[in-house]
Protein chains: 2
Amino acid sequence: MRKPQAKGGGEAAVDFGRLPGYIGYQVRQTQSAIFRDISRSIGECGVTPGEFSLLSMLASNPGLNSITLARLYRLDKATLSLSLKRLAGRGLIQTDRSEEDRRYSSLRLTPAGRKQLRRATRRIEMQERAMDAVLKPGEREQILDLLQRIAGAFDR
Amino acid sequence: MRKPQAKGGGEAAVDFGRLPGYIGYQVRQTQSAIFRDISRSIGECGVTPGEFSLLSMLASNPGLNSITLARLYRLDKATLSLSLKRLAGRGLIQTDRSEEDRRYSSLRLTPAGRKQLRRATRRIEMQERAMDAVLKPGEREQILDLLQRIAGAFDR
DNA sequence: TATTGTTATACTCTATAACTATA
DNA sequence: TATAGTTATAGAGTATAACAATA
């Protein structure tokens, strides 16, 4: 218990206290390490992790509307509206009004969006392979399961 | 493979594609669920997760300087300067110039900061207990280990 | 010259509130 | 009246660049 957690660099004798024993803390640190790694190749990859999720969802669910996306990711519709506007501005998605109910927009990837998604997917999967390099057989499934259960604990 | 990952809500038949199989994706979702949960009681708790880390570090390492903190958390010194300014403005920390080398500041909690940290710690540990409720014996140690190894894979 | 720290500026992500168009 | 979507505004969190003080 209370094992200090060295983190590289020559900061001898810094005491992390109980922080390393908190799952919340380690999830934050890990998320930040993963994000930093992707950011280093953001030019090569072209999209942020959040944008990658959105593009993937539209690839699997063409015609999806933004209120559904907002509910799935628990974002305010205004927040999502801005993200989608940016993606549309870059020509990666196309937003049309739905025929049946003209309040809804129908979202889908453009050809440029599909191409960008393929590029980003290659980069993301490279990163996942880098993680596999430090995991033993079965551990990927294990952590995916643990993370989903923990997130589920707060689904409320 | 390609198991769609239902996420509550009545969005029947939304296909998450490969996303649920990516560790990066699940870490992001979990971090976001944990953050949302803490945010709901931010008034009660008083500090953000990032501020909680900073206060904890200063509790365990009184007199720490900001460049060391910046290196540990891989933040730019300007970024950290702003966070510390906000904490100082709320009277939670006190920053003094070091005696030996007057370029350095010596950071420490004020009595109000110690009190706030105790309050936040109670809240954070409640959250950790909520996670334990969905974990079997040994699984907390398991996920802490897995997360640290994955973060370490990108330490570069 | 090099290092610590601050300030100015800018960009992303997020939310709330007020609005329009549609139902 | 209710819902989908947009815009305006504001607050964190992050970075880069330019600067001051100290070594």
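A note on names: the letters A, B, ... follow the listed sequences, proteins ahead of strands, and every chain is numbered from 1. Because the structure is predicted, anything quoted here is derived from the model rather than measured.
Here C:dT14 is the nucleotide among D:dT3, D:dT14, C:dT14 with the atom lying nearest to any side-chain atom of A:L75. Of the candidate nucleotides C:dA17, D:dA15, C:dA21, C:dA17 has the atom nearest to the side chain of A:A78.
Salt bridge annotation for A:E51-A:R90: present, with a cationic side-chain nitrogen under 4.0 angstrom from a carboxylate oxygen. Salt-bridge annotation for B:D37 and B:R123: present, with a side-chain N of the basic residue lying under 4.0 Å from a carboxylate O of the acidic one. Using a 4.0 Å cut-off between a side-chain N of Lys or Arg and a carboxylate O of Asp or Glu, B:D155 and B:R74 qualify as a salt bridge. The pair B:D145-B:R140 fails the salt-bridge criterion, with no side-chain N (NZ, NE, NH1 or NH2) lying under 4.0 Å from an Asp/Glu carboxylate O.
For A:T79 and C:dA15, the shortest distance from a side-chain N or O to OP1 or OP2 is below 4.0 Å. At C:dC13, one or more side-chain N or O atoms of A:T48 fall inside 4.0 Å of OP1 or OP2 (strictly under the cut-off). Neither OP1 nor OP2 of D:dA15 sits under 4.0 Å from any side-chain N or O of B:K77. Distances shorter than 4.0 Å separate none of the side-chain N or O atoms of A:S66 from OP1 or OP2 on D:dA4.
Between A:G50 and B:N65, the residue whose closest nucleotide on DNA chain C is further toward the 5' end is B:N65. Map A:R28 and A:L80 each onto its nearest nucleotide of DNA chain D; the residue landing nearer the 5' end is A:L80.
We find that CD of B:Q31 is positioned 12 Å from P of D:dG13, with the value rounded to whole Å. Atom C1' of nucleotide C:dG5 and atom CD1 of B:I93 are separated by 13 Å, given to the nearest angstrom. Following rounding to the nearest Å, B:D76 (CG) and C:dT7 (P) show an atom-to-atom distance of 15 Å. Atom OH of A:Y104 and atom C1' of D:dT6 are 16 Å apart (whole Å). Protein atom CG of A:L82 is 9 Å distant from nucleotide atom P of D:dT7, rounded to whole Å. Atom CG in B:L87 sits about 12 Å away from atom P in D:dA12, given to the nearest Å. Rounded to whole Å, atom C1' of D:dT14 lies 11 Å from atom CZ of B:R86. At whole-Å resolution of the value, CG in B:L69 and C1' in C:dT6 are 16 Å apart.
Among the atoms of the strands shown, base atoms are found under 4.0 Å from some heavy atom of A:S81.
Looking at B:T30, its side chain does come within 3.5 Å of a backbone N or O of B:Q26 through a donor-acceptor pair.
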